[in-house]
Amino acid sequence: MKYNADLEKLCADYAFDGLKESVAAFRAGNPGRKVVDLGVGDVCLPLPRVVGEAMAKASLELCEKKTFRGYPPAGGYSFLKQKIVGRYAAEGIALSEDEIFVSDGTKSDVTRVCELFGRANVLIPTPCYPATRDVNYAAGNAVAELPCVKEEDFLPFPPYGKKYDVVWLCSPNNPTGSALSFEGLRRWIDYALSVGALVVYDGAYADFGDGRAPRSVYRDARALRCAVELRSFSKGAGFTGVRCGYAVVPRAAGEYNRLMKRNGGCRFNGVSYVTQRGAEAALSDEGRKINEKNVKFYKTNAEILKNAFKNKNLWYNINDGSPYVFAEVPKGFSSADFCARLLRETGVVATAGSNFGKAGEGFFRLSAFCSREDAFWASEAVGNFLETL
Ligand code: PLP
């Protein structure tokens, strides 16, 4: 039998699948013990009511002969794409409907975008969202990690003098929370244009920015010639279970737009009408207000969790543009050993930094997607634990 050798480059488990299994094993072995899971970054606030109502109405439309709909357009319904174009226009970015490709979330878009460039030399600043690295390996790309360091707040700098076909950027970053400034973005666009690289800009956390960093790669207008942007409804709007996101593939960036349309047409039958009506409602005035409130809630949780690190002489991300706390592990521990001991002694689940690439070793991540009560509880538990080391 023939297997895809590129899939053998992946480690045994997807980072968060392995984590879920070890947490399940810990719960089974410690019945009755309180466990606060700050490992996988899944949201806990419910969908905005306006989204639920729009989806309920859309479901009922599908029950009537007159309003029934079958296959959706592969790239998304015009009503949602118009809304997305309108949001960009409000930020001074001119896009057209045919540059938007609606999907079932950014994780799928990472694969779809990989299919646009075929086997390529790609550069991924790390620590990074594990799927980005995995999908590039699985696609047979030559993957170079660009290690980012705490002394530079984990911000990536272009590899001047080296040429890559594709550069993946994630801002605000998962897991470090670092966000590229306007100047940082300008440097990357300069680099991409000078070597003819495509930038893939993962903006899954765009809503979490602190207002000082650009929300979109297209705030540097030259990016329309060299960048694809990925956006998700998962975090602020609570769509991790519903599933919706979109890719922006500008026509000015060469053949990618045509190829995205052609490839989407043969491999994807579109996102359900019900979901897209929900996403449309998430972008309404009311939906956005709730999104903003949710983002604020999670960011406040992150600030509460950060109290665990005050006066502990350990580096942690002080930026406030993300739902994650990324912190150094105390000396003498690997990140995996530290997370295992943290779970054993406190019941708090964290993700080892090594899951996010080599540059993440020596660090760990706490997700702030939790209840306020759990944020306070975990902050105290982690702080007390660190005191004992
Ligand atoms: N991109 C980044 C950087 C993420 O952290 C995540 C999820 O945690 C995703 C993409 C996945 O987004 P979606 O739920 O839209 O697939």
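Predicted model, so just to flag it, every value in this text is computed and none were measured. Numbers here simply count residues along the sequence, with the first being 1. Each ligand, and each atom within it, is numbered from 1 in the order the structure gives.
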Should Arg288 and Asp285 count as an ion pair when the cut-off is N to O under 4.0 Å?
yes

Taking the side chain as C-beta and beyond, is there a heavy-atom pair between Val382 and Phe309 under 4.5 Å?
yes

Should Pro156 and Leu180 count as side-chain neighbours, where that means a heavy-atom distance under 4.5 Å?
yes

Report yes if Asn174 has an N/O atom closer than 3.5 Å to an N/O atom of ligand 1; otherwise report no.
yes

Any nitrogen or oxygen of Ser234, side chain or backbone, less than 3.5 Å from one on ligand 1?
yes

Which bit of Tyr205 gets closer than 4.0 Å to ligand 1, counting heavy atoms only: side chain, backbone, both or neither?
side chain

Location of contacts on Thr106 toward ligand 1, heavy atoms closer than 4.0 Å:
both

protein heavy-atom neighbour closest to atom 11 (C) of ligand 1 works out as Tyr129 OH, 3.3 Å

Which ligand 1 atoms are under 4.0 Å away from a heavy-atom of [X]?
X      : result
Gly105 : 15 (O), 16 (O)
Lys235 : 7 (C), 8 (O)
Ala204 : 1 (N), 2 (C), 10 (C)

Testing the basics here: between Tyr218 and Ala223, what is the closest heavy-atom pair and its distance to 0.1 Å?
CE2-O, 3.7 Å

Should [X] be listed as contacting ligand 1, given a heavy-atom distance under 4.0 Å as the test?
X      : answer
Cys170 : yes
Asp202 : yes
Phe233 : no

Aromatic ring centroids of [X] and [Y] under 6.0 Å?
X      : Y      : answer
Tyr77  : Phe79  : yes
Phe117 : Tyr256 : no
Phe338 : Phe385 : yes

How about Asp17: does its CG atom have over 12 heavy atoms from other parts shown lying under 6.0 Å from it?
yes

